[in-house]
Structure formats: C-alpha cells, structure tokens
Number of protein chains: 2
Amino acid sequence: MNELLKQNISKNATFSETELEEFCKHFKLKYFKKKEYLLKQGDVCRFEGFVLNGCFRIFTFDQKGNDNTLYFAAEDWWLMDNDSFMHQSPSHLNIQALEDSEVLMINRTDKLMLYEKLPVVEKLFRVMSQKALVAWQRRLIRNHCETAKERYQNFVSTYPDISSKITDKQMASYLGITHEFLSKIKKR
Amino acid sequence: MNELLKQNISKNATFSETELEEFCKHFKLKYFKKKEYLLKQGDVCRFEGFVLNGCFRIFTFDQKGNDNTLYFAAEDWWLMDNDSFMHQSPSHLNIQALEDSEVLMINRTDKLMLYEKLPVVEKLFRVMSQKALVAWQRRLIRNHCETAKERYQNFVSTYPDISSKITDKQMASYLGITHEFLSKIKKR
DNA sequence: AAAAAAAGTTGAACTAGTTCAACTCTCCGG
DNA sequence: CCGGAGAGTTGAACTAGTTCAACTTTTTTT
C-alpha cells in the first residue's frame, strides 16, 4: 500500500484501515517513459491515475491546431479525463509524460465497483472534485484580471517544482500566450 | 415536493421515492427581489440553492476593483460558493438576483446531515461536481482559443434565455472584456 | 560526433482589446 | 412626470499580445 496515495486520500476523506487497503489494492504501478502518452485525443479514458513521481502535461489541440495546456500533473496529482471516463466517449485530451514517471492506476471497472462497495469513495471524489472546481474558477478569474506577466510570475512562485520541469513553450501554452511573447516577458 | 428539483436530481443520480422525499423536504422556498443579494463577498456561505425561476449573477470584485462574472444561474441551476461552504471561510463571491426570483434553499447543517444519512446524496454531488469541472475546463480553453466575438456569439446561441435577461455590461464582464468593446463587437 | 529536430530569441509590423472622455438613451424612484 | 443614475455608444489614442521570419542555442537521434 503506497504511503503517498494514502496521505493524499486522507487529506480529503477519512478512511478506516480496511477501507484504505481495499481501495489501494486496486491500483497498479505503471511506468511511463518520457514523451509516452497515457491518453491520446480520440481514445476512450478507461482508468484514473495518481502520479508517484515524474510529470505529465494534459493538453488539447483546438480547431485551429494550437495546443492548449490544461494543467501539469507532478507527484501527488491525479490524472484522468473526467468527461471521457464518465460517458465513455472519445477524449478531447492528451496526457503525455514530460519525463520518466511512475503512476498508480486503477481501471474503470474497479473504480465503479469501489463507488458501490465503499460509500467513503464517493465522498473522497466528491470532495476532490469540489476543491478542483474552486481552483478552476479561480484560474479563470485570474486569466481575466491579471496580465500575462503576472500570471507567469504567480505560476513560477506557486509551482517552482513544475516550472523547472517544463519548457517555455509548454509554459506559454498553459498561460494562454505565444512562446515568443513569453520570451519577451522573461527578458525584462 | 418540487417537480423541477426532482427532475434535476434524476439527471445525475438514481434516488428511490423515499430518498427523494427525505432529500427534498429540507429545501425551503425563498423569494429574492431584483438586485437583492443571496450572498455577499465577505460573508460565510451557509446554504445551497436551486433556482426555480428568475436569474442570478455570480461575480467577484478583484484587487483592481473590476467586477468579474463567474456565471449566471437561471431556472434549473444550482447556486453556492463551494469554497466558502466547505471551509466556512469568508466568501469571495457575490450572488445577486437580476430579477425577482424563487429559490429552493437547504442550509449547511441539513446538507451535511444528508451526506451522512443518504449515501446517494454523496453520489449526486460527486457527479454534479465532475460535470461542472468538465464545463469549467472547456470554458478556460475557449477563452484561450476563441476571440471575444466568437465567445459572445457562442454564449448567445448556447444560452438565449440568459442572454435576454442580462445587460451588455454583465455580458462583457462574463466574457472578460470591457463593455465598450462588446458594444463595438455588436455594431459590426 | 555529426546531423537533424526542436526550443528559444529577437525585431518589425500588426491587431485585438483597453482606456478615457464625451455624449445619448432608458428606466426607475420620489 | 421630472431628475438622476446607470446602461449603452462612439471615437481617438494607446498597449498587450500576435504573427511571421530569420536566426541561435539546446536537445535528441543516429
């Protein structure tokens, strides 16, 4: 039973020892090489992942072919396409390893079974989703009221570990600006 | 027991008749006059609301004093500040009636009790939150890859009912542009 | 270690969106 | 029904961010 996963869960719900064990035993350790895809746009998402180490980028190609980064997932983050997982529809997202990484993965069947078997699992993901929702709302507001330079500086100071692992191009795609402009921001 | 609430719940979870009744009986009908606040920035959110009719605007004042609209909630939408409700911390959000409105409201104590008593309530809000999460992710992407004009047109065609109830100033604040620029967009 | 590919830099010209100020229109409160 | 406040419009000057193209640097592949 993995200690990091255990701690992560405990932040959001109170599991008994047996519940924790029952929950964790469905996760299997998988390795991803740098640049390898955990999910590709068009595929159906049949799993959920929890990052033990390494880093992933979650992004999508829009109609115009630009790549938009939704977020980065390093150690202690969860990975999945909620939409595709829920409806078993083709995913709009790509999830790609930015470096060699280790992920604990649970498949969809097991997760659905756990929702049924352990009510506390419903609570766990309810709380996780509500917290994530708040974070997305805040990010949208910040995109409206802060300049690109402010957003860049905030990101670097909030996530120094992630900032050091990603290229400027990926950073720009996360901030919603061109990489040329990011280069000009950094110069000053 | 309100029919609209019942239908809304049934979209996201399967309640038995008794569960539905137990759940719904904690909601009380409240009336809000045009311009009245259901929640003010700085207050603690101790309730959750479900709009029966009318319309609300959920917005926040940023550091620079600009008002940013997160979303509008008309008939069949839920209303609350997840962050403030969860942590009982002062809210960053304002929720104001744009017209005379009716809302079914449940207080925090009852809602927390229902989470304990009826496991299906956990599921309901877990599913609702996950769907909302997907919607916020999509909105952020669209803000990056669409122009203000495109976002305006998409909003009007997706939510014609809401569009007709709000002022251009409120629309601009939702789109993340100035109302002067919205006026220029509409002119063309 | 060489070649190829990708990432980053820089400048010039451009455009989407802002700011400010002046004006008009609408609608609601006394 | 009048007065005032807020909503909407318009123009001119501005700025944040884009686009394109040429170039350098770094990383990856062989």
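Fair warning: this is a prediction, and the values are worked out from it, not measured in the lab. Naming convention: chains lettered A, B, ... in sequence-line order (proteins, then strands); numbering from 1 in each chain.
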The nucleotide from D:dA16, D:dT10, D:dT28 with an atom nearest the side chain of A:F181 is D:dA16
For B:K149 and for B:K35, find the nucleotide of DNA chain C with the closest heavy atom, then tell me which residue's nucleotide is more 5'. B:K149
Given the side-chain rings of A:F59 and A:Y71, with only the six-membered ring counted for Trp, is the space between their centroids under 6.0 Å? no
Counting just side-chain N and O atoms, does A:T167 come under 4.0 Å of either OP1 or OP2 of C:dA7? no
Spacing between A:L182 atom CG and D:dT19 atom P, to the nearest angstrom: 15 Å
Ignoring hydrogens and geometry beyond distance, is the side chain of A:K184 in donor-acceptor contact with the base of D:dT19 at under 3.5 Å? yes
Could you work out which one of D:dT28, D:dG17, C:dG17 sits closest to the side chain of B:R151? C:dG17
Of the nucleotides C:dT19, D:dT19, D:dA7, which has the atom closest to the B:K169 side chain? D:dA7
What's the NZ-C1' distance between A:K187 and D:dA16, to the nearest Å? 16 Å
Check this one for me: any side-chain N or O of B:T178 less than 4.0 Å away from OP1 or OP2 of C:dG17? no
Tell me the interatomic distance from A:I177, atom CD1, to D:dA16, atom P, rounded to whole angstroms. 13 Å
Separation of C:dA7 P from A:Q170 CD (nearest whole Å): 7 Å
5'-most by nearest nucleotide on DNA chain D - A:T147 or B:H179: B:H179
Without decimals, in angstroms, what is the distance between B:K64 NZ and C:dT19 C1'? 14 Å
So if I take every side-chain heavy atom of B:D168 and compare against D:dT18, D:dT9, D:dT28, which nucleotide ends up nearest? D:dT9
Output the rounded distance in Å from CD (B:E180) to P (C:dC23). 16 Å
Here the distance between atom P of D:dA16 and atom OH of A:Y152, to the nearest Å, is 18 Å
When the aromatic ring centroids of A:Y174 and A:F72 are compared, is their separation below 6.0 Å? yes
Side-chain H-bond candidate by donor/acceptor type, A:D67 with A:S173, under 3.5 Å: yes
To the nearest Å, how far apart are B:I185 CD1 and D:dG8 P? 14 Å
Are A:N53 and A:E102 close enough that a side-chain donor and a side-chain acceptor fall under 3.5 Å? yes
Whether B:K25 and B:D110 form a salt bridge (side-chain N of Lys/Arg under 4.0 Å from carboxylate O of Asp/Glu) is what I want to check. no
